[in-house]
**Student:** 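Handing you a structure now.
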Amino acid sequence: MAVIIAVAFSSMAMAAELKLGYVNLQKALNECFAGKEAVLELETETKKRQEQIDTKQEELKKLNDEIEKKKTVWSEDMKEQKQKELQAKAQEFQRFYLQSNDDLKRREQMEKTEIIKGLIEIAKPLAKEKGYAFLFELQGLIYGPPEADLTNDIIKAYDAEHKKKKAKKAK
């Protein structure tokens, strides 16, 4: 009986010492330097693509306006040729538009995935160093005490690591 009580008390003591932590990866992604940098790069790329889309759209509008203005004086062959040209340019525009959106979404997803992988790799040793037995992602967590939130620590450590890597690339 004494052995069972001793085991029960030692199990409770170990459970009391078990530290659990959590991290908000979405917050870390949005607030770390690399995440902010990625957002700026994607915004720049999106603006550039939008300018290309606007230019192509303007070309389509001009061609359509030309067809509307001159269709009464053109021959049937010329009208047909211009309609085919308009249709081909419209299809090319649609392909470009869809491809641009797909490329931007794919790039955004790849960059987010890389940053999150880096955050997780930083989180593991940090949690171990701080004595946490388990580190959970915030999604699905209903409650966690603020002192168990390692998000800001992970952001700081990740930013420091990112700056080191960036400095090495610059050399």
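Predicted, not measured: the structure shown is a model, and the values here were computed from it.
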**Student:** How is the hydrophobic cluster of L150 composed, in terms of its other members, when Ile, Leu, Val, Met, Phe, Trp and Tyr link through side-chain heavy atoms under 4.5 Å apart, directly or indirectly?
**Tutor:** V23, L25, L29, I115, I116, L119, I120, I122, L126, Y132, L135, I154, Y158
**Student:** Starting from the C-alpha separation in whole Å, work towards a yes-or-no answer on side-chain hydrogen bond (donor to acceptor under 3.5 Å, both in side chains) for D149 and T151.
**Tutor:** CA-CA 6 Å; D149 184 358; T151 305; 2.5 Å; yes
**Student:** Would you compute the distance between atom CG of L141 and atom CZ of F136 and round it to the nearest 0.5 angstrom?
**Tutor:** 8.5 Å
**Student:** In this structure, are over 12 heavy atoms from other groups packed under 6.0 Å from E58 atom CD?
**Tutor:** yes
**Student:** Measure the CD-OG1 distance between E51 and T46 for me, rounded to the nearest 0.5 Å.
**Tutor:**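 The distance works out to 11.0 Å.
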**Student:** Rounded to the nearest 0.5 Å, what separates atom CD in E66 from atom CG in L86?
**Tutor:**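 Result: 10.0 Å between the selected atoms.
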**Student:** Quick one: side chain to side chain contact (heavy atoms under 4.5 Å, CB included) partners of E37, sequence neighbours excluded?
**Tutor:**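 Partners of E37 under the side chain to side chain contact (heavy atoms under 4.5 Å, CB included) test: F33, E41, H162, K166.
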**Student:** Start with the C-alpha distance between D65 and K61, add both sets of side-chain angles, then the distance that settles salt bridge (charged side-chain N to carboxylate O under 4.0 Å, His left out), and finish with yes or no.
**Tutor:** CA-CA 6 Å; D65 290 348; K61 185 182 180 308; 3.2 Å; yes
**Student:** Let me see the working for Q57 and F93 under side-chain contact (heavy atoms from CB on, under 4.5 Å), right down to the final yes or no.
**Tutor:** CA-CA 7 Å; Q57 213 168 16; F93 170 76; 4.1 Å; yes
**Student:** Hey, are E45 and R49 close enough for a salt bridge, meaning a charged N less than 4.0 Å from a carboxylate O?
**Tutor:** yes
**Student:** Using the side-chain contact (heavy atoms from CB on, under 4.5 Å) rule, take Q26 and L138 through it: C-alpha gap first, then chi angles, then the decisive distance, then the call.
**Tutor:** CA-CA 9 Å; Q26 188 62 50; L138 183 64; over 6 Å; no
**Student:** Given K56 and E92, is the side-chain contact (heavy atoms from CB on, under 4.5 Å) satisfied, shown in steps?
**Tutor:** CA-CA 9 Å; K56 290 182 181 294; E92 177 188 324; 3.6 Å; yes
**Student:** How long is the straight-line distance from CG of N64 back to NZ of K89, given to the nearest 0.5 Å?
**Tutor:** 12.5 Å
**Student:** Decide salt bridge (charged side-chain N to carboxylate O under 4.0 Å, His left out) for K112 and E108; before the verdict, give the C-alpha distance in whole Å, the side-chain angles of both, and the deciding distance to 0.1 Å.
**Tutor:** CA-CA 6 Å; K112 282 182 176 180; E108 178 183 18; 3.4 Å; yes
**Student:** Which is it for Q81 and D77 under the side-chain hydrogen bond (donor to acceptor under 3.5 Å, both in side chains) test, yes or no, and what are the steps along the way?
**Tutor:** CA-CA 6 Å; Q81 179 186 349; D77 287 343; over 6 Å; no
**Student:** Can K79 and E76 be said to form a salt bridge (charged side-chain N to carboxylate O under 4.0 Å, His left out), step by step?
**Tutor:** CA-CA 5 Å; K79 285 187 225 177; E76 286 301 314; 3.1 Å; yes
**Student:** Please determine if E43 and K47 form a salt bridge, counting it only when a charged side-chain N lies under 4.0 Å from a carboxylate O.
**Tutor:** no
**Student:** One thing to verify: whether K82 and E85 come together as a salt bridge, which I'm taking to mean a side-chain N less than 4.0 angstrom from a carboxylate O.
**Tutor:** yes
**Student:** Should D102 and R106 count as an ion pair when the cut-off is N to O under 4.0 Å?
**Tutor:** no
**Student:** Going by the ring pair (Phe, Tyr, Trp, His ring centres under 6.0 Å) test, which pairs reach into residues 94-124, not counting sequence neighbours?
**Tutor:** none
**Student:** Does a side-chain N-to-carboxylate-O contact under 4.0 Å join R107 and E111?
**Tutor:** yes
**Student:** Any heavy-atom pair between the side chains of N24 and Q139 that's under 4.5 Å?
**Tutor:**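 No. Closest side-chain heavy atoms not under 4.5 Å.
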**Student:** Counting only heavy atoms from other residues, nucleotides and ligands, does the tally under 6.0 Å from CD of Q94 exceed 12?
**Tutor:** no
**Student:** Check K84 with E80, please: is the shortest side-chain N to carboxylate O separation under 4.0 Å?
**Tutor:** yes
**Student:** Should L63 and L60 be counted in the same cluster of Ile, Leu, Val, Met, Phe, Trp and Tyr side chains packed under 4.5 Å apart?
**Tutor:**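 Yes, because L63 and L60 connect within a single hydrophobic cluster, where side-chain heavy atoms sit under 4.5 Å apart.
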